[in-house]
Number of protein chains: 2
Amino acid sequence: MSSIAAPNYRPLYDQIKILITQSLVAGEWKPGDVIPSEMELANRFQVSQGTVRKAIDALAAENILIRRQGKGTFVASHSQERSSTRFLRVFPDTGTHDSPSSHLLSLTRERADDESASRLDVRVGAGIFCIKRLLFFGGVPVIHDEIHIPSILFKGLDEGMIRNFTGSLYSFFESRFGVAMIRAEEHIKAVAASSEVAHHLGLSPGSPLLRVDRVAFTYGDKPVEWRRGLCHTNTFSYVTEMS
Amino acid sequence: MSSIAAPNYRPLYDQIKILITQSLVAGEWKPGDVIPSEMELANRFQVSQGTVRKAIDALAAENILIRRQGKGTFVASHSQERSSTRFLRVFPDTGTHDSPSSHLLSLTRERADDESASRLDVRVGAGIFCIKRLLFFGGVPVIHDEIHIPSILFKGLDEGMIRNFTGSLYSFFESRFGVAMIRAEEHIKAVAASSEVAHHLGLSPGSPLLRVDRVAFTYGDKPVEWRRGLCHTNTFSYVTEMS
DNA sequence: GAGTGGTCTAGACCACCCC
DNA sequence: GGGTGGTCTAGACCACTCT
């Protein structure tokens, strides 16, 4: 019935989903913002409320939007308490999950090597930042992270900014640089600790560590972070679920 | 109405979902079967087609049912080619995923110790089977599995049945014993290989291995399998995604 | 053509939140 | 009270599969 879009094989709600995503990419609504109500969006896109609803349902299922009855639909943010550890799958074997604290080891500028370039989908030699840090749980160092991000997206990043920020790294990226992480893929191996990392984690060199390689994506499935985490799993485990 | 201040309200589609799940538990429809059409179910439960649809949508999102346009809605089965490796998250770093082949090491009857009993939600001392096997990828042993299942659900299990079955273990459990695995939780650590496991996997003792502890559940979130996999990750990785 | 799931719409009403 | 999302319904039509 309606209207303008001509010979499109995609369901309407899928097109609406894409339009909403484009508004997110364009920054029309930022993490934490309310987006317009279903009725407003239905009017804007000239479809029924039910169709908008289905598009939003799909985005909510991907944790890109968050619905709150009576209040509205919000853009997911890593700054919200509820999702500050959304991507952290390491849990203590006993007791509850204290929020980890971060200790910055170094921030350096580098040129992308083959691996970084391929993971981040940039040219070899492109400028990247490399962040090294330790994550402490209850005062104990558990994870050694080495984080690579393209410098073009994080202009002006320096050590002080990182140290002065309270909150998760993704919350930092989001609020200071407008880069929102919405999805990640992880490849996990077991490796022996190098003497350097063993020293940081208070272990003997050669101890078994979990090596978690992550590529994180922002809106539109664009890779914007590659990190390698080395995790000490004597009293912690990497937890996941499947169905 | 509601007795407590907490939201006691259950949407209709949620009740329908529960009714459908109960039919699955009761075995009214078995893995691979078509379930009645949306219209038939709507008539049976005296609700609209849309409400049945929403219940089925939820079950399809959990991979419990599978919708096929023009054909009907089917109970998910591990015997289908599409889902025979649904729970296998280990992939080669290069090349494609050959289906693994399994080599049975032993099948023994045991009594549940504290750990098995707690994971499987049975009494300490209850009868359980313990299956040990190796998984080979392209002729190379990669995973050593130690699988515990309550013997009451698998009466008559013997080595010959396992050896003669072609297909995945979960397909075997499903078709021979009517036990369908629908969900699993995994806890992962890095450990050093024991001499026994190192021997099976062709490694030196002390080599780092991924230790994957899994509890698998059937309909109604009932735990029915506990396994410990030890995985050699030199050329393979455990892959997972998050959002 | 008949039957299935898939899309889209429109309207009524409910539950929740805030003014 | 008036806004938001959440549920439920009913009906029309589309896309796919099988006979």
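No experiment lies behind these values; they were computed from the predicted model shown. Note on naming: letters A, B, ... go to the chains in the order of the sequence lines (proteins, then strands), and numbering restarts at 1 for each one.
One interatomic measurement links the two molecules: NZ of A/K71 to P of C/dC18, which rounds to 5 Å at whole-angstrom precision. Atom P of nucleotide C/dC17 and atom CD1 of A/I66 are separated by 15 Å, given to the nearest angstrom. The CZ-P distance, from A/F74 to C/dC17, rounds to 11 Å in whole Å. Atom P of nucleotide C/dG5 and atom CZ of B/R53 are separated by 8 Å, given to the nearest angstrom. Atom CG of B/D57 and atom P of C/dG5 are 11 Å apart (whole Å).
Distance alone, capped at 3.5 Å, is enough to place a donor-acceptor pair between the A/R214 side chain and the A/F87 backbone. Within the 3.5 Å criterion, the main-chain N or O of B/G160 finds a donor-acceptor partner in the side chain of B/D158.
Every residue two or more places apart in sequence or in another chain that forms a side-chain hydrogen bond (donor to acceptor under 3.5 Å, both in side chains) with B/Q80 is listed here: B/R68. Applying the ring-ring contact (aromatic ring centres under 6.0 Å, His included) rule to A/Y238 yields no partners; only residues at least two apart in sequence or on another chain are considered. Under the side-chain hydrogen bond (donor to acceptor under 3.5 Å, both in side chains) criterion, B/S171 pairs with B/S79, not counting sequence neighbours.
Of the two residues near DNA chain C, A/Q69 and A/S48, the one whose nearest nucleotide lies more 5' is A/S48. A residue-by-residue look at A/G50 and B/E38 shows that B/E38 has its nearest nucleotide of DNA chain C further toward the 5' end.
Chain B approaches DNA chain D within less than 4.0 angstrom (heavy atoms of the protein), and the contacting nucleotides run 5' to 3' from D/dT7 to D/dC18.
For DNA chain D, none of the residues of residues 25-36 of chain B falls under the heavy-atom distance limit of 4.0 Å.
In this model, no donor atom of one side chain and acceptor atom of the other lie less than 3.5 Å apart for B/T233 and A/R211.
Looking only at side-chain heavy atoms (C-beta outward), A/F177 and A/I149 stay at 4.5 Å or farther from each other.
Within 4.0 Å of B/R68, counting heavy atoms only, lie sugar-phosphate atoms of the nucleic acid but no base atom.
Screening residues 19-39 of chain B for salt bridge (charged side-chain N to carboxylate O under 4.0 Å, His left out), with sequence neighbours left out, gives B/E28-B/R44, B/E38-B/R53, B/E38-B/R67.
In this structure, the ring of A/F129 has its center no less than 6.0 angstrom from the ring center of A/F154.
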